[in-house]
Each structure stands twice: as C-alpha cells, then as structure tokens.
2 protein chains.
Amino acid sequence: MARLSFREQVLRVREDAIVQSVNRLLAEKGFDAMTVDEVAADVGIAKASLYKHFASKEALAAAAMVRVLERALQVIEAQAARPSASAFDCLREVTRWTLQTQLAGEMPSLPSQNSSLRGTLIEDKAYVNLVMEVSERLGQWIVQAQQDGSLTSQLPPEVILYTLYARACDPVVGFLKAGGQHSDEQIVDWVLTTCLDGLAART
Amino acid sequence: MARLSFREQVLRVREDAIVQSVNRLLAEKGFDAMTVDEVAADVGIAKASLYKHFASKEALAAAAMVRVLERALQVIEAQAARPSASAFDCLREVTRWTLQTQLAGEMPSLPSQNSSLRGTLIEDKAYVNLVMEVSERLGQWIVQAQQDGSLTSQLPPEVILYTLYARACDPVVGFLKAGGQHSDEQIVDWVLTTCLDGLAART
DNA sequence: GTCTATAGCCAGATAGAC
DNA sequence: GTCTATCTGGCTATAGAC
C-alpha cells in the first residue's frame with residue numbers, strides 16, 4: 001500500500017473520530033433520535049464540515065456499520081486462529097463479543113424498516129461485502145458444528161445464523177443492565193445461556 | 001357498570017378504530033416512522049379530531065400498548081383455564097401467541113430509549129397495572145415450572161421473564177418472513193425452538 | 001476544509017369557524 | 001366534535017465567506 005501523505009493521514013484520523021462518535025451515538029440513542037448536530041458537537045467540528053466527509057446522515061450510519069463489521073471480522077479471525085477451539089466454541093465466543101460490545105454501549109443499532117437507510121446500505125459495497133463475508137464465516141462454523149453434533153440439526157443453518165445476529169440487538173441485555181443489580185459478565189453469561197441452552201431444563 | 005348512552009357508545013367505537021389503526025401502524029413502521037397524519041388518514045378523520053381523543057402521539061402509543069396487554073391477559077387467562085396444561089405448557093402457548101401476533105403484523109413495537117414516551121407510559125395507570133398483572137401471572141408460572149423441573153433453574157426468573165417478553169420484538173421472525181420461503185407456522189415453531197430448547201444440541 | 005448563517009421541509013400540535 | 005388552515009420547532013442539508 002502506498003504511503004499516505006500527511007494531509008491524507010489527518011483526513012483519516014478525523015474521519016475515524018467522526019465514525020467513532022456516530023458509532024457511540026447510534027448505540028446510545030438509535031438512528032432516528034441521533035441528530036447530525038449532535039454528531040458534529042461530539043466530534044467538535046461544524047455540521048457543514050461533516051457533510052464534506054459524508055454525503056448524508058445515512059452515509060454516517062453506513063460508515064459506523066462498516067466499522068463494527070470490520071471489528072467483528074477481526075474477532076472471527078482471532079477465533080479461527082485458535083487451533084484447539086471447536087466450531088461451536090468459536091460461535092459462542094463471537095456471540096460473547098457481540099453481547100459485550102452491546103453492553104459497553106458500542107453496538108450501533110439501526111431501524112430495519114427505514115427504506116432510505118436500507119437503500120444507502122445496499123449501495124455501499126464495503127458494507128455488503130462485509131455482511132457477506134461475516135455470514136459466510138459464521139455459516140461454515142454452523143454447518144460444521146451441526147455435523148459434529150454440538151449444534152442442533154433440528155434448525156436450518158439460516159435460522160441459527162439469524163438468531164446469532166439478533167444477539168446484537170437483544171433487549172434483554174439492556175433490561176438487565178438497567179436493573180443495575182448484576183455485573184456485565186453475569187449478564188453476558190445469562191444471555192449466552194438462554195441463547196445456546198434455551199429456557200427448558202436440560203436433563 | 002352503568003349503561004353507556006348512545007353518544008358514549010359512538011365515542012368508544014371511534015376510539016377503538018383509532019387505537020386499532022395505531023396498533024397496526026406501530027407494528028408496521030414503529031413509533032418514530034409513524035406519523036399522526038397517517039393515523040388520521042387511516043381512520044378517516046381529521047388530525048385535529050384525533051387530538052380531541054388523545055393528547056399526544058405518545059398517548060396514542062400508550063393506548064395501543066394497553067390494548068395489546070389486555071389481549072395478552074385474555075390469552076393468559078385462557079391458558080390458566082386449561083386444567084390439563086402444565087405451567088411450562090402455558091408459558092409456551094402464551095409465547096406462541098406473541099410470535100403469531102408479531103407475524104400477523106399486530107404487535108406494536110416501541111423504542112425503549114425514547115424518554116418522552118417512557119414518561120407517558122409510566123404515567124398511564126392502566127398500562128402500568130397491566131404490565132404488572134401480566135408479569136405477575138407469567139412469574140408465577142415460571143417459578144412453578146422451575147420447581148417441577150421443566151424450566152431451567154440455572155437462570156433467575158427475572159431473566160426468563162425478560163427473555164419471553166423479548167419474543168414480542170424478535171427480529172428473527174421478520175427476517176424469516178421477509179425471506180418468503182417458509183410458512184408462518186413453521187417460523188413460529190422454529191423461533192419457539194430456539195427460545196425454549198436453545199441452539200446447542202440436546203443429547 | 002472550516003466556519004456562520006440559513007434555506008427548505010416535515011411533523012406535532014393548535015386556532016377558530018361550524 | 002369535526003373540519004380547514006396554520007403555527008411552531010427541529011432537523012437535514014447547503015450557500016457562501018474565509
């Protein structure tokens with residue numbers, strides 16, 4: 001990769017700061033409640049300057065999603081590098097990271113109904129490629145874990161994949177945290193248990 | 001209860017129509033995307049007339065929540081009237097109703113972050129009483145099912161209660177329906193399985 | 001590229017006649 | 001209570017100077 005000029009490095013650092021703010025605000029308030037004014041204030045620049053970097057509010061959200069998907073892929077690759085870990089172990093640890101990220105207030109959440117937002121996302125090649133890459137990697141682990149008998153074969157891989165994705169916006173995490181009675185680690189363990197072991201007693 | 005005058009009956013029918021529209025629109029688009037203009041158009045009256053019946057958009061949402069909680073309580077009571085049903089059976093069937101209602105596009109969904117909405121809800125005695133009543137009834141079944149060994153005792157009743165409530169906004173239902181490949185009944189069964197049996201294989 | 005100032009729009013809520 | 005017409009505020013996005 002070519003070396004970046006000083007100007008380009010400054011640009012990149014600034015955009016990183018913007019996306020980081022967007023990420024936090026999306027996690028905290030959601031897409032609709034987040035305003036571009038807030039983002040600008042949080043970054044410490046004028047709103048008009050934001051629009052020099054990103055074309056729209058939707059583009060800001062897309063950048064935040066790309067960021068979190070890149071992190072997810074890093075976590076996936078870190079798990080894949082553990083020789084002693086089974087496919088089931090890898091899925092559990094990636095899901096644990098998802099819950100921890102949500103609990104830390106760093107998991108952006110977007111409304112799935114918003115059509116202009118959907119449009120921006122599917123036009124974003126980086127976003128689409130990352131979703132496909134992450135789904136592909138998780139899908140391979142799912143099939144493998146079903147074959148070795150650690151994941152149930154009663155559900156299609158698709159259902160299992162969606163169920164794991166859904167942990168990124170599981171409201172149970174927020175309810176338990178709002179109660180203030182339990183440690184983050186305890187909350188993550190409980191939600192992981194409901195997800196993997198279910199609510200019915202295991203004999 | 002005193003007989004209602006004709007005028008009062010007309011009023012009640014109209015308000016029922018309003019709340020029904022709100023319920024459907026909340027299920028379809030969510031609170032933020034739903035506009036009061038849409039509600040008025042859907043009911044077939046002027047927006048100003050809506051505000052004679054309900055003080056604010058938040059009050060409309062609260063009325064829809066009261067309506068769905070009343071229905072939930074009816075379902076709970078229908079289950080409680082089945083002498084042969086175990087506590088676990090009752091919980092499963094109430095959860096099934098929740099998923100079916102969501103799948104039918106009749107489960108209103110509210111953003112849990114919105115503070116003015118939260119304020120309106122907790123000021124609404126009917127809403128608060130219904131939430132408490134539903135939680136109480138489900139809580140009793142949960143404790144009973146844990147005692148008879150059909151529900152896991154590894155999780156606090158609170159965690160199980162929240163996990164069941166969360167089925168009302170489980171995004172997996174919408175993902176699977178959007179795929180268009182599966183019947184509603186199949187989707188409900190799969191999500192019930194993930195919830196009660198978990199993703200890990202049962203030996 | 002950064003800023004201040006503002007355009008343009010939309011949605012919640014209300015005024016006032018009937 | 002219902003309507004039409006309007007107010008009001010907040011938000012996205014942009015113009016234009018520096």
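Letters A, B, ... mirror the listed sequences (proteins, then strands); counts begin at 1.
Atom C1' of nucleotide C:dA11 and atom CG of B:N114 are separated by 14 Å, given to the nearest angstrom. Here the C1' atom of nucleotide D:dC3 and the CD1 atom of B:I45 are 11 Å apart, to the nearest Å. Put simply, CD on A:E15 is 9 Å from P on C:dG1, counting in whole angstrom units. B:K47 has its NZ atom 13 Å from the P atom of C:dC10, to the nearest Å. Taking atom NZ of A:K57 as the reference point, atom C1' of C:dC9 lies 15 Å away to the nearest angstrom. Between A:L117 atom CG and D:dC11 atom C1' there is a gap of 16 Å when expressed in whole angstrom units. For B:L50 and D:dT2, the CG to P distance is 9 Å, given to the nearest whole Å. One atom, CZ of A:F54, and another, C1' of D:dT14, lie 18 Å apart when rounded to the nearest Å.
Distances were taken from every side-chain heavy atom of A:A48 (C-beta onward) to each of C:dC3, C:dA11, D:dT12; the shortest belongs to C:dC3. The nucleotide whose nearest atom lies closest to any side-chain atom of B:A46 is, among C:dA11, C:dG1, D:dC3, D:dC3. Side chain of A:L11, nearest nucleotide from C:dT14, D:dC3, C:dG1: C:dG1. The B:Y51 side chain lies nearest to C:dG12 when the options are C:dC3, D:dA13, C:dG12. Of the candidates C:dT2, D:dT2, D:dC11, D:dT2 carries the atom nearest the B:H53 side chain, counting heavy atoms from C-beta on. In this structure, the nucleotide among D:dT2, C:dT2, C:dG12 sitting nearest to the side chain of B:S49 is D:dT2.
More than 12 heavy atoms of other residues, nucleotides or ligands lie within 6.0 Å of OH in B:Y165, so this atom counts as buried by the packing criterion. More than 12 heavy atoms of other shown residues, nucleotides or ligands fall within 6.0 angstrom of atom CZ in B:R202.
Proximity of A:R14 to the phosphate of C:dG1: no side-chain N or O atom is located under 4.0 Å from OP1 or OP2.
In this structure, the side chain of B:T101 does not engage the main chain of B:M107 through any donor-acceptor pair within 3.5 Å. Side-chain N or O atoms of B:E38 include one that pairs as donor or acceptor with a backbone N or O of B:T35 at under 3.5 Å.
For A:K52 and A:D32, each mapped to the nucleotide of DNA chain D holding its nearest heavy atom, the one lying further toward the 5' end belongs to A:D32.
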Inset, instruction - Evaluate the salt bridge (Lys or Arg N to Asp or Glu O under 4.0 Å) criterion for residues A:E70 and A:R67: first the C-alpha distance (whole Å), next the side-chain angles of each, then the deciding distance (0.1 Å), finally the verdict. - result: CA-CA 5 Å; A:E70 283 171 347; A:R67 178 188 148 104; over 6 Å; no
